[in-house]
There are 2 protein chains.
Amino acid sequence: MKDKPFLTPKQEKVLNFIRKRIGERLPPTIREIGEELGFKSTGTVRDYLKALMQKGLVRRMNSKSRAIELTERASFNKIPIIGTIMAGKPNLAYEEIQGYVDADDLFLGRLGFDDVFALRVKGDSMIDAGILDGDIAVIKKRPDANNNDIVAALLDNNEVTLKRLRNKAGKFHLEAANANYPPIFEEFKVIGKLITVIRKY
Amino acid sequence: MKDKPFLTPKQEKVLNFIRKRIGERLPPTIREIGEELGFKSTGTVRDYLKALMQKGLVRRMNSKSRAIELTERASFNKIPIIGTIMAGKPNLAYEEIQGYVDADDLFLGRLGFDDVFALRVKGDSMIDAGILDGDIAVIKKRPDANNNDIVAALLDNNEVTLKRLRNKAGKFHLEAANANYPPIFEEFKVIGKLITVIRKY
DNA sequence: TGACAAACCACACAAATGTGTGGTAATATG
DNA sequence: CATATTACCACACATTTGTGTGGTTTGTCA
């Protein structure tokens, strides 16, 4: 299923343009898409839209102008909640999506949403940093981070954990924000950096 | 300035319909507005749009279908941040708006946004509840609340504070989530209930 | 080689949509 | 009373936008 890419490069460009326009508030017309992508015929654009519809990424209403909708799967303004942190290795694919956080603006500013995702926090290891069990942690994917950043890190046992990154004499380790949890000195890989926490009562 | 209402009832209906449609993802066409409101002429709708534009609530692009935008002031998906909690009495009018939180979906579900607002948290009195200085507290207006709810309350000295509501032997008082702050037994009025916390790093 | 799909284009046409002019009626304002 | 203002309607018309048919080219697969 993944031997042939799900979307051709051009299809992805079309989809991204639609995402961008919807993000900017107005879905594009067929001709606007064509103009942007350099297609000289509206028929071409319709072929692309047909393909995107068949792949379940886009919905349309007949004969209505700009009536292009993204399905939840394709939406740009939804950050997928891809797993529960501490509960194992979250799969960064779409299989394990538990829901979506709307990120339209939300004080994230305009991010490249390609590299943002969210995890539900499990446990109390970051409680002293004001991050509680059940909170949504919005993470920006980055392989690096700075001292004192709170990061999502992949441990050797394939667990993902949210901890504070510390630099002690040039060597990085992870620290909980809870005296009951010891620091982690084992091998780990930084997945991304915490940028937002959302808690719902 | 407030003797004559800012919007006539019909103008408000038009605006609300536009809000609704934008919330549902596609701004309406002129004819769709007319249909909804029972206007038989497109000219009528244009008169209303002109009025809304003059009042600074709506922006349009000429000759483009559905190209109706709400200005930030009129937007439904933005929860106004109306003040800093603990820093005095927030004015529930539009004068003191510091910014907006996008609430489109954001796990708030679909609320009646009329009665939701946000405050920026100042101080550490709720730190043990995981609410830190600088967090955005999203509040749903309600005159009542239950025991143990975290509420925004108006104190006698006209300060607004975020505290946990406690019921001791039938009498309500307010409690900080920080041992350094004593409980508050003086008179207060519950403004609303905390429903969401957002923190940006 | 033949069949097929992906990736385009040209156009004609119909439907949707925005623009503009010119009204009427009721009510308020000075 | 004259003049705005609000609140509409009727149409004609210009644009924008979506639909549909019929191509060409390129590459893949059998």
Side-chain angles (χ1 to χ4, degrees), chain A residues 1-22 24-70 74, chain B residues 1-22 24-70 74:
Chain A
M1 255 184 185
K2 264 170 188 165
D3 29 336
K4 298 302 166 206
F6 184 55
L7 289 178
T8 67
K10 288 271 182 117
Q11 287 174 355
E12 196 162 341
K13 276 188 185 176
V14 171
L15 182 61
N16 279 332
F17 179 63
I18 295 170
R19 280 172 170 151
K20 184 183 158 214
R21 278 305 184 76
I22 289 180
E24 292 167 4
R25 230 96 266 280
L26 248 200
T29 64
I30 286 178
R31 281 172 181 81
E32 284 170 356
I33 296 172
E35 233 170 86
E36 171 74 14
L37 281 288
F39 301 137
K40 284 170 188 159
S41 167
T42 55
T44 305
V45 178
R46 297 183 92 237
D47 288 346
Y48 277 102
L49 290 180
K50 204 186 294 174
L52 292 175
M53 284 176 73
Q54 276 167 357
K55 292 182 181 179
L57 299 170
V58 150
R59 245 190 314 275
R60 298 188 64 206
M61 284 167 67
N62 287 337
S63 302
K64 290 289 174 186
S65 71
R66 302 179 190 277
I68 304 176
E69 265 189 312
L70 298 177
Chain B
M1 256 185 185
K2 265 169 189 164
D3 28 336
K4 298 303 165 205
F6 185 53
L7 289 178
T8 67
K10 289 270 181 123
Q11 287 174 354
E12 198 162 338
K13 277 188 184 175
V14 171
L15 182 60
N16 280 333
F17 178 64
I18 295 170
R19 280 172 171 150
K20 184 183 158 215
R21 280 303 186 76
I22 288 180
E24 292 167 4
R25 239 98 288 275
L26 247 199
T29 63
I30 286 177
R31 280 172 182 80
E32 284 170 355
I33 297 172
E35 233 169 87
E36 171 75 13
L37 281 289
F39 301 137
K40 284 169 186 160
S41 168
T42 55
T44 304
V45 179
R46 298 183 91 236
D47 288 346
Y48 277 102
L49 290 180
K50 204 185 293 174
L52 292 176
M53 285 177 73
Q54 276 167 357
K55 292 182 181 177
L57 299 171
V58 149
R59 246 189 313 274
R60 299 188 64 207
M61 283 167 68
N62 287 337
S63 301
K64 291 289 173 188
S65 70
R66 303 178 189 277
I68 304 176
E69 264 188 313
L70 296 177

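Here is the naming used below: chain letters follow the sequence lines, and residue numbers restart at 1 for every chain.
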Distance test, side-chain N/O of A:Tyr48 to OP1/OP2 of C:dC8, below 4.0 Å: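 So the side chain of A:Tyr48 is within the cut-off, an N or O lying under 4.0 Å from OP1 or OP2 of C:dC8.
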N or O in side chain of B:Arg46 less than 4.0 angstrom from C:dT19 OP1/OP2: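 For B:Arg46, the contact criterion (side-chain N or O under 4.0 Å from OP1 or OP2 of C:dT19) is met.
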Angle between terminal axes - the helix from C:dT1-D:dA30 to C:dG30-D:dC1, 5 pairs each end, rounded to 10°: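 That helix has its two terminal axes inclined by roughly 30°.
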What closest approach, in Å, do [X] and [Y] show between heavy atoms, and which atom pair accounts for it?
X: B:Ala67; Y: A:Leu26; value: CA-CD1, 3.6 Å
X: B:Pro27; Y: B:Glu32; value: O-OE1, 4.4 Å
X: B:Gln11; Y: B:Ala51; value: NE2-CB, 3.5 Å
X: A:Arg66; Y: B:Ser65; value: NE-O, 2.6 Å

Pairing residues for B:Glu69 by the side chain to side chain donor-acceptor pair (under 3.5 Å) criterion, not counting sequence neighbours: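 Residues passing side chain to side chain donor-acceptor pair (under 3.5 Å) with B:Glu69: B:Arg59.
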Set of residues satisfying side chain to side chain donor-acceptor pair (under 3.5 Å) with respect to B:Thr44, sequence neighbours excluded: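 Testing B:Thr44 for side chain to side chain donor-acceptor pair (under 3.5 Å), a comparison that skips the adjacent residues, returns none.
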Check: protein-nucleotides 23-28 of chain D nitrogen or oxygen pairs below 3.5 Å:
none

Separation of atom [atom1] in [X] from atom [atom2] in [N], rounded to whole Å:
X: A:Leu52; N: C:dA7; atom1: CG; atom2: P; value: 11 Å
X: B:Leu26; N: D:dT17; atom1: CG; atom2: C1'; value: 13 Å
X: B:Lys50; N: D:dC8; atom1: NZ; atom2: C1'; value: 13 Å
X: A:Asn62; N: D:dG20; atom1: CG; atom2: C1'; value: 13 Å
X: B:Arg60; N: D:dT15; atom1: CZ; atom2: C1'; value: 14 Å
X: A:Glu12; N: C:dA7; atom1: CD; atom2: C1'; value: 17 Å
X: B:Lys10; N: D:dC8; atom1: NZ; atom2: C1'; value: 8 Å
X: A:Gln54; N: C:dA7; atom1: CD; atom2: C1'; value: 15 Å

For A:Arg31, side-chain contact (heavy atoms from CB on, under 4.5 Å) partners two or more places apart: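 So A:Arg31 forms a side-chain contact (heavy atoms from CB on, under 4.5 Å) with A:Thr29, A:Thr42.
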For the atom pair [atom1] ([X]) and [atom2] ([Y]), what is the distance rounded to the nearest 0.5 Å?
X: B:Leu52; Y: B:Arg60; atom1: CG; atom2: CZ; answer: 10.5 Å
X: B:Leu70; Y: B:Ile22; atom1: CG; atom2: CD1; answer: 4.0 Å
X: B:Arg25; Y: A:Ile68; atom1: CZ; atom2: CD1; answer: 13.5 Å

Contact list for residues 35-49 of chain B, test salt bridge (charged side-chain N to carboxylate O under 4.0 Å, His left out), sequence neighbours left out: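 Every candidate salt bridge (charged side-chain N to carboxylate O under 4.0 Å, His left out) pair involving residues 35-49 of chain B fails, so no pair, neighbours aside, qualifies.
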Pairwise ring-ring contact (aromatic ring centres under 6.0 Å, His included) hits with a residue in residues 46-66 of chain B, at least two apart: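 Counting only pairs at least two positions apart or across chains, the ring-ring contact (aromatic ring centres under 6.0 Å, His included) contacts touching residues 46-66 of chain B are B:Phe39-B:Tyr48.
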Within residues 33-44 of chain B: residues closer than 4.0 Å to DNA chain C (heavy atoms):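 Going residue by residue through residues 33-44 of chain B, the ones with a heavy atom under 4.0 Å of DNA chain C turn out to be B:Thr42.
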Test log, rule side chain to side chain contact (heavy atoms under 4.5 Å, CB included), inputs A:Leu49 and A:Ile18: CA-CA 10 Å; A:Leu49 290 180; A:Ile18 295 170; 3.9 Å; yes
Student check: side-chain heavy atoms of B:Glu12 and B:Asn16 closer than 4.5 Å: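 They are in contact (side-chain heavy atoms under 4.5 Å apart), so the answer is yes.
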Where do N or O atoms of nucleotides 13-17 of chain C meet protein N or O atoms at under 3.5 Å, pair by pair?
{"unit_1": "C:dT17", "atom_1": "OP1", "unit_2": "A:Ser65", "atom_2": "N", "d": "3.4"}
{"unit_1": "C:dT17", "atom_1": "OP1", "unit_2": "A:Ser65", "atom_2": "OG", "d": "3.3"}
{"unit_1": "C:dT17", "atom_1": "OP1", "unit_2": "B:Arg66", "atom_2": "NH2", "d": "2.7"}

